[in-house]
Asks: 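There's a structure below that I have some questions on.
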Amino acid sequence: MGLLDMFQKVSESPTRSSKAKPSKTFDVADLYDGPLAQPLAQGGANAVALDEKLRQAYFWIVNQAIINPFYDIEYQDGPSPQYTFGDQKSVLRLPSGQSYSSFVLLPLLNLVVRKRCLLVGGPGRGKTASAILMGILAGYPLKDVKRAIQHGQPQMTITDLLGNPLPGDLVKAESMDNIRIAWRKWLAMRVKIIDEYNRIPTRTQSALLTVMADNYAELLDQIYECPEAAWYLTANDDAGGGTYQVIEALRDRIDVVVKALHFNPRFLGELLARIEAGVKPETLVPRAIIFNEAEIDAANAAILAVKVPDPLRRRIEHFASQFEYYEYAAAQLEYKTKDTVKLSGVEFHQLDALDTGKDKVKDLGLQTRNGLSVRALMTVLVYVKAMAWFRGDEFVTLEDIRQVLPFVLHDKLTQNADAPYFEQGGQAVYRVDRIGWLRQLFDLSCQEFDRLNLDKEDPVARFDAEFQNGLDGLPEAEVRKRLAQIERTLEAWAAQRKVIGPRFDDILKLKYLHQRYTNYLHWLVNKP
């Protein structure tokens, strides 16, 4: 088989074999047994074909297009040999389950969930090439994809980015409404690529933010509505620096961060063969793995239909609760958050010395300087659903969350590098390795969840389940009973004195439930 023929080869189906069809009910044991390996039923045959098509696209890219021999998203399907290397005792695990390259898989998932992906790494590591492949997979001709790339540079103006008013209209128009705009064609595309976005001037970044966040462009009071799109931004600097500092609001709109790893010289032979044959993978993408607009829409709908089991949702809740609470931020409980400190302008180190009642190594909240936003949590849920769907599963698994969460939260959680945790033996490396740090944070949170036996002993979950049954027809005696139970629980917690992030959110949830019952009780007692 010639080299050109190899580039047209698409993996045979199925690319991931399924086990015997499981029950559609979820069991807590599934958290540890691995993925269910069942294709989605809700979307019918088309949904199954689409997840298989995306897997075929993935394997074509890693096997034929991008020389990226890294399997850093690891899944296990039984015993996995592991070896320890170096003075730091780095562990190499040989995954026993189908595992993936984050540099290829996450941009692909981004294509079907239509979010915003930042590719970071040194020059010449394939960031732009990967983004171009995503445009081709979305059905655009190569020349259109390349011409639509917005190249960040210090002189870029808003009109360079968005379009220009027609000169004749500028002369003749009696009002702004009469000025027509020649909008840039890239605004209409469903894949948008911004190369070196951190070289764009601050004012132009603000215009870019409007397009990214709200799907419209505005120029001289004229509006251009943009379609839902998958965004790919590149930067050479992992911190987002560059010619211009990236504005915080723009960085916050980025949903997932992917690192372009180094080129392994052991694969130089493949590189040489491509040079000698004049092969460019982006010109040889097989038609069988190209998606049209309807297929991407259908894939997106199927992803959203994937279930997040309640036990797993509780683990995400527990993890997210670790970070926002800050005891010395305010007097009133609701305002005891890191966001309060940030808005005040007071430096954290000025308040850290006051916090003497906690184990500063074990308290996960001390490792960050912020909590998680609603947008960040929504993005986590979308991407873990996408990972489960890509693997042909009906339910999200614990490992889906563990593998995807670090890439989504890469720029969302600000590390407190001065935290005592990083002074412990072997932990200093996490000041640099953000992916490893975030995965470690999630693992530690899950360990605490298991230690507290929160799957079975969670009074807040019990109170909430009662409340979710509704208040209609609830008798006064039952309302007073529930109010008393909430008060006794809060009293017991108050006696423990120490408060950490998850307990802080539990306290506020019980206050919320208490107020809802109190309002209902007042209505019940005073109704005509």
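For reference, positions follow the sequence shown, starting with 1. Below, all heavy atoms of this structure are taken into account, side chains as well, without hydrogens, waters or symmetry copies.
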Asks: Do Q367 and Y430 have side-chain heavy atoms sitting under 4.5 Å apart?
Replies: no

Asks: Show your working on salt bridge (charged side-chain N to carboxylate O under 4.0 Å, His left out) between R251 and E248 and close with a plain yes or no.
Replies: CA-CA 5 Å; R251 284 178 61 84; E248 185 175 1; over 6 Å; no

Asks: Atom CG of L271 and atom CG of N264: how far apart are they, to the nearest 0.5 Å?
Replies: 11.5 Å

Asks: Is R55 salt-bridged to D51, going by a charged N under 4.0 Å from an acidic O?
Replies: yes

Asks: Please check: side-chain N/O of R439 versus main-chain N/O of R402, any donor-acceptor pairing under 3.5 Å?
Replies: yes

Asks: Under a 4.5 Å cut-off applied to non-hydrogen side-chain atoms, are V382 and T379 in contact?
Replies: no

Asks: Please check if the number of heavy atoms outside R180 that lie under 6.0 Å from its CZ is greater than 12.
Replies: no

Asks: Ignoring hydrogens and angles, tell me if any N or O in the side chain of D160 forms a donor-acceptor pair with the backbone of T157 under 3.5 Å.
Replies: yes

Asks: What is the distance from atom CG of L438 to atom CG of L413, rounded to the nearest 0.5 Å?
Replies: 6.0 Å

Asks: Among R116, K115, R114, which residue meets the side chain to side chain donor-acceptor pair (under 3.5 Å) test with D255?
Replies: R116

Asks: Quick one: is the NZ or CZ of K338 closer than 6.0 Å to the six-membered ring centre of F323, and within 45° of its axis?
Replies: no

Asks: Can you name the closest pair of heavy atoms from Y140 and V191 and give their distance?
Replies: CE1-N, 4.1 Å

Asks: Give a yes or no on whether the backbone of L119 and the side-chain of K127 come within a donor-acceptor separation of less than 3.5 Å.
Replies: no

Asks: Kindly state whether the ring of Y100 and the ring of F390 have centres lying under 6.0 angstrom apart.
Replies: yes

Asks: Describe, in one word, how the ring planes of F467 and Y512 are oriented to each other, choosing from parallel (under 30°), tilted (30 to 60°) and perpendicular (over 60°).
Replies: perpendicular

Asks: Would you say R313 and L381 make side-chain contact, with heavy atoms under 4.5 Å?
Replies: no

Asks: When rounded to the nearest 0.5 angstrom, what distance separates NZ in K259 from CD1 in I435?
Replies: 6.0 Å

Asks: Please assess L219 against Y224 for the test side chain to side chain contact (heavy atoms under 4.5 Å, CB included), listing each intermediate value before the final yes or no.
Replies: CA-CA 9 Å; L219 194 64; Y224 183 89; over 6 Å; no

Asks: Distance only, no hydrogens: is a donor on one side chain within 3.5 Å (strictly under) of an acceptor on the other, for Y383 and N110?
Replies: yes

Asks: Are the side chain of D393 and the backbone of F395 linked by a donor-acceptor contact shorter than 3.5 Å?
Replies: no

Asks: Keeping N370 on the side-chain end and K412 on the backbone end, is there a donor-acceptor pair under 3.5 Å?
Replies: yes

Asks: Could you check whether any side-chain N or O of E225 sits under 3.5 Å from a backbone N or O of Y216, counting only pairs where one atom can act as donor and the other as acceptor?
Replies: no

Asks: Take atom CD of Q468 as the centre, draw a 6.0 Å sphere, and report whether it contains more than 12 heavy atoms from other residues, nucleotides or ligands.
Replies: yes

Asks: Would you please test M134 and I61 for side chain to side chain contact (heavy atoms under 4.5 Å, CB included) and show each step?
Replies: CA-CA 10 Å; M134 297 304 118; I61 294 173; 3.8 Å; yes

Asks: If I compare all heavy atoms of S96 with all of G78, which pair ends up nearest, and what's the gap?
Replies: OG-O, 3.0 Å

Asks: Do side-chain atoms of E448 reach the backbone of H318 as a donor and acceptor pair under 3.5 angstrom?
Replies: no

Asks: With a 4.5 Å limit on heavy-atom distance, are the side chains of L109 and F407 in contact?
Replies: no

Asks: When H262 is tested against each of F103, F267, F70 for ring-ring contact (aromatic ring centres under 6.0 Å, His included), which residue passes?
Replies: F70

Asks: For A299 and W389, work out which heavy atoms get closest and say how close.
Replies: CB-CH2, 3.7 Å

Asks: Taking all atoms of both residues into account, what is the closest heavy-atom pair of M387 and D400, and its distance?
Replies: CG-OD1, 3.5 Å

Asks: Test V408 against every option in L405, V404, D411 by the side-chain contact (heavy atoms from CB on, under 4.5 Å) rule and name the one that passes.
Replies: V404

Asks: Kindly determine whether R93 and Y71 satisfy side chain to side chain contact (heavy atoms under 4.5 Å, CB included), including the steps that lead there.
Replies: CA-CA 10 Å; R93 183 179 292 104; Y71 294 90; over 6 Å; no

Asks: At their closest point, which heavy atom of A298 faces which heavy atom of L50, and how far apart are they?
Replies: CB-CD1, 3.6 Å

Asks: Between Y232 and L111 (side chain of the first, backbone of the second, donor and acceptor by atom type, cut-off under 3.5 Å), is there such a pair?
Replies: yes

Asks: I'd like to know if D339 and K342 make a salt bridge, using a cut-off of under 4.0 Å between side-chain N and carboxylate O.
Replies: no

Asks: Does any part of the side chain of K192, heavy atoms only, come nearer than 4.5 Å to the side chain of W186, both counted from C-beta?
Replies: yes

Asks: If every non-hydrogen atom of V396 is compared with every non-hydrogen atom of A388, which pair is closest and at what distance?
Replies: CA-CB, 3.9 Å

Asks: Using a 3.5 Å distance criterion without hydrogens, assess whether the side chain of K185 forms a donor-acceptor pair with backbone atoms of D144.
Replies: no

Asks: Okay, side chain of Q64, backbone of V62: is any donor-acceptor separation there less than 3.5 Å?
Replies: no

Asks: Take I66 and L133 through the side chain to side chain contact (heavy atoms under 4.5 Å, CB included) test and state the conclusion after the steps.
Replies: CA-CA 10 Å; I66 296 178; L133 280 175; 3.9 Å; yes

Asks: Just do the salt bridge (charged side-chain N to carboxylate O under 4.0 Å, His left out) check on R253 and D214 with the steps written out, would you?
Replies: CA-CA 10 Å; R253 289 310 191 280; D214 300 315; 5.6 Å; no

Asks: Heavy-atom count check: over 12 atoms from other residues, nucleotides or ligands less than 6.0 Å from R203 CZ?
Replies: no

